[in-house]
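Below, each value reflects all heavy atoms present in this structure, side chains not excepted, and no hydrogens, waters or symmetry copies. Quick caveat, the model's predicted, so the values are computed rather than measured. Numbers restart at 1 for each chain; the letters A, B, ... are given by sequence-line order, proteins then strands.
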Protein chains: 2
Amino acid sequence: MSSIQATAPDSSLNDIFAALADPTRRAILGRLATGESSVNELAAPFPMSLQAVSKHLKVLERAGLISRGRQAQLRPCRLRPDSLARATGWLDSYRALWDSSFDRLDEHLRSTQKGNHD
Amino acid sequence: MSSIQATAPDSSLNDIFAALADPTRRAILGRLATGESSVNELAAPFPMSLQAVSKHLKVLERAGLISRGRQAQLRPCRLRPDSLARATGWLDSYRALWDSSFDRLDEHLRSTQKGNHD
DNA sequence: CCAGTATTCAACCAATGAGTTCAATACAAG
DNA sequence: CTTGTATTGAACTCATTGGTTGAATACTGG
């Protein structure tokens, strides 16, 4: 009766990975990597409505991947790398696994089963 | 006229991130990090049916995150780090961005951490 | 005040996802 | 061959998601 819990010790990883799973949203992040941008500017390249892009931005914001400001009637979006870092951090624990040799497996096992690994 | 294309030059990233977005699936990967395992063994800790876990495994396999063998009536699962590496690779391109000293990004980071929320 | 621009809200729809239960398959052993 | 075990398949819910259109809000400039 182990205690692997599927449900959300830190639910934000769910939101982060789910946000990254959409190619439109990844493209938006790619665009934002070059600098702050308005919703209209962000939406322009995509073959979908402005409202659809607005929804994508809401998803990205909820995942903590972007933040938004207010200047005049614009609501400029900018990248928020810290959430991206959370995803990277999770993946890194696995990278350690396959990068190094077998004895690191034990170490990984231990930290994993402490349950901070989700 | 830009060329940001939302649709799938790299469609597998969609599957990989989508697979990682579910906590049950992340827990399964965590479990597999300790070694090969059968479906029954994998399913045991979770408060859901065996069939549900079987579905999760199919998602993970489709994303290339695990592979499966056959021995007797068992279909043992093992981790396949290369797909995980694709996700890591994508994220790494962003890590490079915020790690380096683009002053624009730096500025954004600072204002972000001041916590100007909507 | 009025008109235009930027963005979001709301209602709707089709497709997908995560879960269920019941039935089917595959294999090992008696 | 039959039984038990491991796993998948199929059909079904229910909630969520990605998209649409039309209306509302918020702000700027004339």
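- dA6(D) atom P lies 22 Å from atom NZ of K55(B), rounded to whole Å.
- Between the CG atom of L74(A) and the P atom of dG29(D) there is a distance of 11 Å, given to the nearest Å.
- Going from atom CG of N40(A) over to atom C1' of dA26(D) covers 14 Å, rounded to whole Å.
- The closest side-chain heavy-atom distance from D22(A) to F17(B) is not below 4.5 Å.
- Residues L29(A) and M48(A) share a hydrophobic cluster, clusters being chains of Ile/Leu/Val/Met/Phe/Trp/Tyr side chains in contact below 4.5 Å.
- Using a 4.0 Å heavy-atom cutoff across all strands shown, A72(B) reaches sugar-phosphate atoms only and no base atom.
- Q51(A) contributes a side-chain N or O that forms a donor-acceptor pair with the base of dG22(D) under 3.5 Å.
- Here S54(A) does not reach the OP1 or OP2 of dT7(C): none of its side-chain N or O atoms lies under 4.0 Å away.
- Side-chain atoms of L20(A) and L91(B), non-hydrogen and from C-beta on, do get closer than 4.5 Å to each other.
- Rounded to whole angstrom, the span from the CE atom of M48(A) across to the C1' atom of dA14(C) amounts to 16 Å.
- Side-chain contact between R25(B) and L65(B) is absent, with no heavy-atom pair separated by less than 4.5 Å.
- The distance between atom NE2 of H56(A) and atom P of dT7(C), rounded to the nearest whole Å, is 16 Å.
- Between S49(A) and dT20(D), a side-chain N or O to OP1/OP2 separation shorter than 4.0 Å is present.
- Side-chain nitrogen and oxygen atoms of R70(A) include at least one within less than 4.0 Å of the OP1 or OP2 phosphate oxygen of dC27(D).
- Note: NZ (K58(B)) to P (dT16(C)) measures 14 Å, nearest angstrom.
- Put simply, CZ on R62(B) is 8 Å from P on dG17(C), counting in whole angstrom units.
- Straight-line distance from the CZ atom of F17(B) to the P atom of dT17(D): 18 Å, rounded to whole Å.
- Nearest-nucleotide positions on DNA chain D for L50(A) and R75(A) put L50(A) closer to the 5' end.
- Between Q73(A) and L57(B), the residue anchored closer to the 5' end of DNA chain D is L57(B), taking for each the nucleotide with the nearest heavy atom.
- Dense packing is recorded around CZ of R78(B), with more than 12 heavy atoms of other residues, nucleotides or ligands lying under 6.0 Å away.
- Contact between the side-chain N/O atoms of R68(A) and the OP1/OP2 oxygens of dA6(C) is not found at any separation under 4.0 Å.
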